[in-house]
2 protein chains.
Amino acid sequence: MTSRSVSKGPEHPVLDEVGLVTVLSALAEPTRLRIVCMLAEREGERAWKDIDLPIAQSTLSHHLKILRNAGLLLNRTEGTRCFVSLRDQELESRFPGLLETVLNCRDR
Amino acid sequence: MTSRSVSKGPEHPVLDEVGLVTVLSALAEPTRLRIVCMLAEREGERAWKDIDLPIAQSTLSHHLKILRNAGLLLNRTEGTRCFVSLRDQELESRFPGLLETVLNCRDR
DNA sequence: TTCGATGATCGACGATCATCGAACATTCGA
DNA sequence: TCGAATGTTCGATGATCGTCGATCATCGAA
């Protein structure tokens, strides 16, 4: 058990215990919707520092926490760096079509 | 022009001028989501008084106003009575699949 | 071991929100 | 004309939210 310390990192909810209202609330904010959009543009992870928005670092951390608590994204810690990614597969089975539909509606 | 007074009634937004965040915000509240759900259950209009929720009448009026401003529903006044209905057709062309997907996600 | 970097958390601020009762406007019926 | 019914608006209240700077905890590198 001398594996590289998993360093517990942030907590993620079980998607079955996340309500629709929670997800909608998380998405119903311009900055957060933009983040989700950005993550959906490309497959896989995104480095924390690549999320380049005109907001304070603590504010970004706050928004990511809300998205995380809503089950929308996954936060992985590697050393001192962080990587985020969409939980799109799980979301699809818990809220079928929701993420794709919302993202599609935004592109207009 | 002696037609039955249209009694201007509440104002409704043009859907093209309604943003996605506005719609999501309107749906991201338990009482309002419930109202939309209720309206979707059956085709056509619903009488104001048929919306039976454990909230004050002024609070219901408030929520209906928010839903109306988000382009989600239509308010028709007939004399002193009011009738509400979903703008589902228009919503479908402005936000394809959104309403149906959200309602479908809730039924779980 | 110490230091710099990275992100989370804290505390505070003003803004917005959901809620209510009261007052109001409009309409129909007596 | 008067009064009851219906729904909107107003004002107030307590809660939540987005935002920030400051601080803290953790980790890798020197």
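The structure presented is a predicted model; accordingly, all values stated were derived computationally and were not measured. Naming: A, B, ... by sequence-line order, numbering from 1 per chain.
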Nearest-Å distance, CD1 (B/Ile35) to P (D/dG7)? 13 Å
Are the side chains of A/Val36 and A/Leu99 in contact, using a 4.5 Å heavy-atom criterion? yes
Counting Watson-Crick and G-U wobble pairs only, both distances under 3.5 Å, name the nucleotide matched with C/dA18, or none. D/dT13
Looking at side-chain heavy atoms only, is the closest gap between B/Leu72 and B/Leu27 below 4.5 Å? yes
Are any side-chain N or O atoms of B/Arg46 and backbone N or O atoms of B/Leu39, one a donor and one an acceptor, separated by less than 3.5 Å? no
Without decimals, in angstroms, what is the distance between B/Glu78 CD and C/dT27 P? 13 Å
note: A/Arg81, atom CZ; C/dG4, atom P; distance rounded to Å ~ 17 Å
Between D/dT6, C/dG7, D/dG7, which one does the side chain of B/Trp48 approach most closely? D/dG7
Could you identify which residues of residues 23-32 of chain A place a heavy atom less than 4.0 Å from some atom of DNA chain C, listed by residue number, or say none? none
When the distance from CD1 of B/Ile51 to C1' of D/dT8 is rounded to whole Å, what number comes out? 15 Å
Just how far, in rounded Å, is C1' of C/dT9 from CD of A/Glu11? 14 Å
Spacing of A/His63 atom NE2 and A/Ile51 atom CD1 [to the nearest 0.5 Å]: 11.5 Å
Check whether any side-chain N or O of B/Arg94 sits under 3.5 Å from a backbone N or O of B/Val18 as a donor-acceptor pair, and report yes or no. yes
What residues 52-71 of chain B contributes to the DNA chain C interface at heavy-atom separation below 4.0 Å is B/Ile55, B/Ala56, B/Ser58, B/Thr59, B/His62, B/His63, B/Ile66
Scan B/Leu91, B/Leu20, B/Leu103 and name whichever one has a side-chain contact (heavy atoms from CB on, under 4.5 Å) with B/Leu98. B/Leu20
Between the CD1 atom in A/Ile66 and the CZ atom in A/Arg32, the distance rounded to the nearest 0.5 Å is 4.0 Å
A/Asp50 atom CG is separated from C/dT6 atom C1', nearest whole Å, by 14 Å
Judged by atom type as modelled, is there a donor-acceptor pair below 3.5 Å linking the side chain of B/Ser25 to the main-chain atoms of B/Val21? yes
With rounding to the nearest 0.5 Å, note down the distance linking CD in A/Glu100 to CD in A/Glu92. 7.0 Å
